[in-house]
Amino acid sequence: MANSGQYSLKEVFTPAKPARVSFVDRNKINKRVVRALETPGIQIVVYGHTGSGKTTLLENKLYEVYEKHIRTNCMIGSTFEQIVLDAFEQLAEFYVDEVTNNKKTKISSSLKANYLAIKASLGISIEDTQGIKQKRILPPQLSPQNLGRLMGAAGYCWVLEDFHKVDEEEKIKLSQLMKVFMDMSDEYVDLKIIALGAVNTAREVVKSDAEMRRRLSEINVPLMHESEIKEILAKGEISLNVIFSTELKEKIAHYCNGLPAIAHKLAYLMCDGADIKETLHKSQSYDFTESDLVLAVNEYIEDESDTIKRVFDNALTHNKGENAIRSLFYTGQNGGNIDELFGHCKDFNIRIQKNHLESTLNELSLPKFGEIIKFDEDSHFYSFSDPFFRSFALAFFGEKDEANINKNLTPLQKQQIYQKAISKMNLVFRT
C-alpha cells in the first residue's frame with residue numbers, strides 16, 4: 001500500500017486535538033460553515049455532541065477564510081470579564097509583537113496607542129471584603145465597541161470554545177457582545193464571533209437576544225455516519241501504511257456510535273500497542289487483527305475509567321437518574337425514542353412516569369449531570385453519549401442487582417461495584 005508521505009502517529013490519529021491528516025470532508029455541512037464565515041455581520045454558533053467533530057470541522061475550514069483567529073476556552077465559572085480579557089490579551093501579538101498575516105494588515109498607530117493604554121490600565125485589581133481574592137476588572141476603555149475595533153482592524157475572528165459551559169447571566173452578556181459585533185460589520189467585514197458548544201447552544205444565544213435570530217448562523221454538527229468513520233481509518237491506513245480489515249473497520253465504526261473522537265482514540269491505541277509511531281516503510285505494512293482491537297479497548301477503558309466513574313457519580317445525583325438510565329438498557333447502542341423507552345419501563349417494571357422520564361433524560365444530557373445522555377434531533381432518539389458509558393452502566397447495575405441492593409449505595413458499596421464493573425466492561429462492550 002503506497003503512502004502519501006511520512007507522518008508521525010500523533011499527526012494521523014488525534015483523539016484530543018483537531019484532525020488534519022485524517023480529516024474527513026463532510027461536504028454539505030462544510031459548505032454551510034464556509035458560507036457563514038464569508039458572510040459579513042453573521043455571527044456563528046456551531047453545536048453538537050461532545051466528540052462529534054465540531055472543533056476539527058471548524059479548524060479545517062477557518063483557514064479557508066481567515067489567516068488568523070483567536071480562541072478562548074470557556075469553563076464552568078468563566079465570567080464575561082475573564083472571557084473579554086482573554087481575547088484582548090491575545091491581540092497583543094498584533095498590536096505589540098506586530099505579527100501580521102499575508103494580507104500585511106497595516107497597524108493603525110491610533111489603535112495601537114489605544115491598545116497599549118488599555119493594557120497599561122489592566123494592572124488595577126480589587127479585593128473582596130476579606131481581602132483574600134484578587135480579580136482584574138475591565139477598564140472603562142475596554143468596551144465591546146473598542147474590542148470590536150481592535151479585533152476588526154486586526155482582521156481576526158474570535159472562537160469561543162465550550163460556550164455551553166458559561167453561566168446563563170454571562171451568556172446574556174456575550175450574546176449582547178455578538179450584537180455589537182454585528183452592528184460593526186459595515187466597517188469591519190471580517191468581525192465575527194464563533195461560539196462552539198453542545199446541543200441547544202444556539203437556542204440559548206437567541207433566547208438571550210431575539211434580534212439575533214436573523215443574523216445568526218446555527219450549524220449543527222451531526223454524529224458521523226459509519227461510512228465517515230471508516231473513511232478516517234482509511235486515511236490513517238494510507239498515511240501510516242497499515243491495514244484495518246473491512247471487519248475491523250466495521251467493528252470500530254459500530255463501537256464509536258457516531259463519535260469520531262473514539263475512532264481516533266481506538267486507532268491510536270491500536271497503533272501504539274503495535275509500536276507503530278510513524279509511517280512504515282512500504283515493505284513493512286502492518287495488518288491489524290482482532291486481538292489488537294481487544295487490547296486497544298482494554299487500554300481505552302483503563303484511560304477513561306476515572307472519567308466514567310465521575311460521569312456516573314454526577315448522573316446518580318439526579319433522584320430519577322438510575323431509572324432513566326435503566327430505560328436505555330433494552331435498546332441497541334443507538335438508543336430509542338421516548339415512546340420506546342417508556343414501553344421498556346412498563347415491560348421491566350421501572351417505576352417512572354413518561355413525562356418524568358423525558359425530562360430526566362434531557363437533564364442527564366446537561367453538564368451538571370455529566371452529559372451521560374445524548375439526544376439526536378434527527379431521529380429523536382435518546383442514547384448514551386459515549387458507547388462505553390452504556391457498557392459500564394450494564395456492568396454496574398448488573399453488579400448492583402446481583403448484590404440485591406435496592407436502596408442507595410453507600411460510598412464503599414459504590415466503590416466496590418465500580419471496580420467490578422470496570423473489570424467487566426470490555427466483555428460487555430463487545431457483546
Side-chain angles (χ1 to χ4, degrees), residues 49-51 75-77 164-165 167 198 255 257 259 262 265 297-333 335-336 338 341-375 382-431:
H49 297 290
T50 301
M75 297 178 289
I76 294 173
H164 62 282
K165 292 183 178 179
D167 291 340
Y255 289 168
N257 198 20
L259 298 172
I262 295 178
K265 183 69 177 281
V297 170
N298 275 331
E299 194 66 27
Y300 183 102
I301 291 169
E302 188 67 29
D303 281 355
E304 299 290 320
S305 60
D306 285 343
T307 298
I308 291 168
K309 287 185 281 189
R310 186 173 65 250
V311 165
F312 269 78
D313 274 340
N314 286 339
L316 293 176
T317 61
H318 196 296
N319 62 354
K320 294 183 178 65
E322 178 174 335
N323 285 346
I325 290 169
R326 283 180 181 269
S327 75
L328 286 163
F329 285 0
Y330 308 100
T331 64
Q333 185 167 278
I338 192 63
L341 298 182
F342 184 61
H344 295 319
C345 291
K346 290 192 292 185
D347 292 341
F348 294 95
N349 199 29
I350 300 171
R351 301 180 65 181
I352 188 169
Q353 295 177 14
K354 184 177 179 180
N355 62 326
H356 290 161
L357 175 62
E358 186 168 17
S359 63
T360 301
L361 289 168
N362 289 330
E363 287 165 7
L364 291 178
S365 70
L366 301 174
K368 177 182 178 181
F369 295 109
E371 298 178 278
I372 193 172
I373 301 298
K374 72 175 182 231
F375 178 70
Y382 291 95
S383 65
F384 288 97
S385 60
D386 183 318
F388 286 90
F389 292 163
R390 180 175 186 269
S391 58
F392 180 81
L394 287 166
F396 175 80
F397 289 113
E399 287 292 330
K400 183 183 177 189
D401 293 344
E402 191 174 309
N404 198 26
I405 301 172
N406 297 317
K407 57 184 183 300
N408 289 335
L409 295 166
T410 67
L412 178 59
Q413 287 174 325
K414 185 186 291 184
Q415 188 59 34
Q416 290 171 338
I417 294 178
Y418 273 169
Q419 292 307 118
K420 290 180 181 179
I422 288 289
S423 68
K424 288 186 176 180
M425 269 186 71
N426 193 320
L427 178 62
V428 174
F429 179 71
R430 293 184 289 115
T431 56

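In this chain, numbering begins with 1 at the start of the sequence shown. We use all heavy atoms of the structure for the numbers below, so side chains are in, but hydrogens, waters and symmetry mates are not.
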Quiz item: Looking at residues at least two apart in the chain, or sitting in another chain, which of them share a ring-ring contact (aromatic ring centres under 6.0 Å, His included) with Tyr382?
Solution: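 Partners of Tyr382 by the ring-ring contact (aromatic ring centres under 6.0 Å, His included) criterion, ordered by chain and then number, come out as Phe375.
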Quiz prompt | By ring-ring contact (aromatic ring centres under 6.0 Å, His included) - contacts of Phe396 (at least two apart) | solution =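 Testing Phe396 for ring-ring contact (aromatic ring centres under 6.0 Å, His included), a comparison that skips the adjacent residues, returns Phe392, Tyr418.
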Self-check item: Plane angle bin for Phe397 and Phe312 - parallel if under 30°, tilted between 30 and 60°, otherwise perpendicular
Solution: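 Tilted.
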Quiz item: Picking from Lys424, Glu399, Lys309, what satisfies side chain to side chain donor-acceptor pair (under 3.5 Å) with Gln419?
Solution: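 With Gln419 as partner, side chain to side chain donor-acceptor pair (under 3.5 Å) holds for just one option, Lys309.
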Quiz prompt | Heavy-atom side-chain proximity of Ile373 to Phe389 below 4.5 angstrom | solution =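 They are not in contact (no side-chain heavy atoms under 4.5 Å apart), so the answer is no.
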Self-check item: Side-chain heavy atoms of Ile350 within contact of Tyr330, under 4.5 Å
Solution: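 Yes, their side chains come closer than 4.5 Å.
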Exercise. Could you pull out all residues at least two apart from Lys165 that satisfy salt bridge (charged side-chain N to carboxylate O under 4.0 Å, His left out)?
Key: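 If we apply the salt bridge (charged side-chain N to carboxylate O under 4.0 Å, His left out) test to Lys165, skipping adjacent residues, the hits are Asp162.
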Can you tell me how far [atom2] of [Y] sits from [atom1] of [X], rounded to the nearest 0.5 angstrom?
| X | Y | atom1 | atom2 | answer |
| --- | --- | --- | --- | --- |
| Ser359 | Ile352 | OG | CD1 | 7.0 Å |
| Leu316 | Leu364 | CG | CG | 9.0 Å |
| His318 | Asn323 | NE2 | CG | 11.0 Å |
| Phe348 | Phe329 | CZ | CZ | 11.5 Å |

Shortest non-hydrogen separation from [X] to [Y] and the atoms involved:
| X | Y | result |
| --- | --- | --- |
| Cys345 | Leu357 | SG-CD2, 4.0 Å |
| Pro387 | Leu259 | CD-CD1, 4.3 Å |
| Ala395 | Ala421 | CB-O, 3.6 Å |

Quiz item: Pick from Ile301, Ile417, Asp306: which one makes a side-chain contact (heavy atoms from CB on, under 4.5 Å) with Ile422?
Solution: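 Filter result, single survivor: Ile301.
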Self-check item: Partner of Ile372 by side-chain contact (heavy atoms from CB on, under 4.5 Å), out of Leu361, Leu328, Ile325, Asn314
Solution: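 Among Leu361, Leu328, Ile325, Asn314, the one meeting side-chain contact (heavy atoms from CB on, under 4.5 Å) with Ile372 is Ile325.
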Quiz prompt | Residue pairs, two or more places apart or on separate chains, that pass salt bridge (Lys or Arg N to Asp or Glu O under 4.0 Å) and touch residues 408-419 | solution =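 Listed once each, the pairs are Asp313-Lys414.
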Self-check item: Set of residues satisfying side-chain hydrogen bond (donor to acceptor under 3.5 Å, both in side chains) with respect to Glu322, sequence neighbours excluded
Solution: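 Scan of Glu322 (side-chain hydrogen bond (donor to acceptor under 3.5 Å, both in side chains), adjacent residues dropped) gives Arg326, Lys400.
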Quiz item: Checking Ser365 side chain against Glu371 main chain: does a donor-acceptor pair fall under 3.5 Å?
Solution: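 Not confirmed, Ser365 side chain does not pair with Glu371 backbone.
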Self-check item: Residue pairs involving residues 344-357 (criterion side-chain hydrogen bond (donor to acceptor under 3.5 Å, both in side chains); sequence neighbours excluded)
Solution: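 Listed by first then second residue: Asp339-Lys354.
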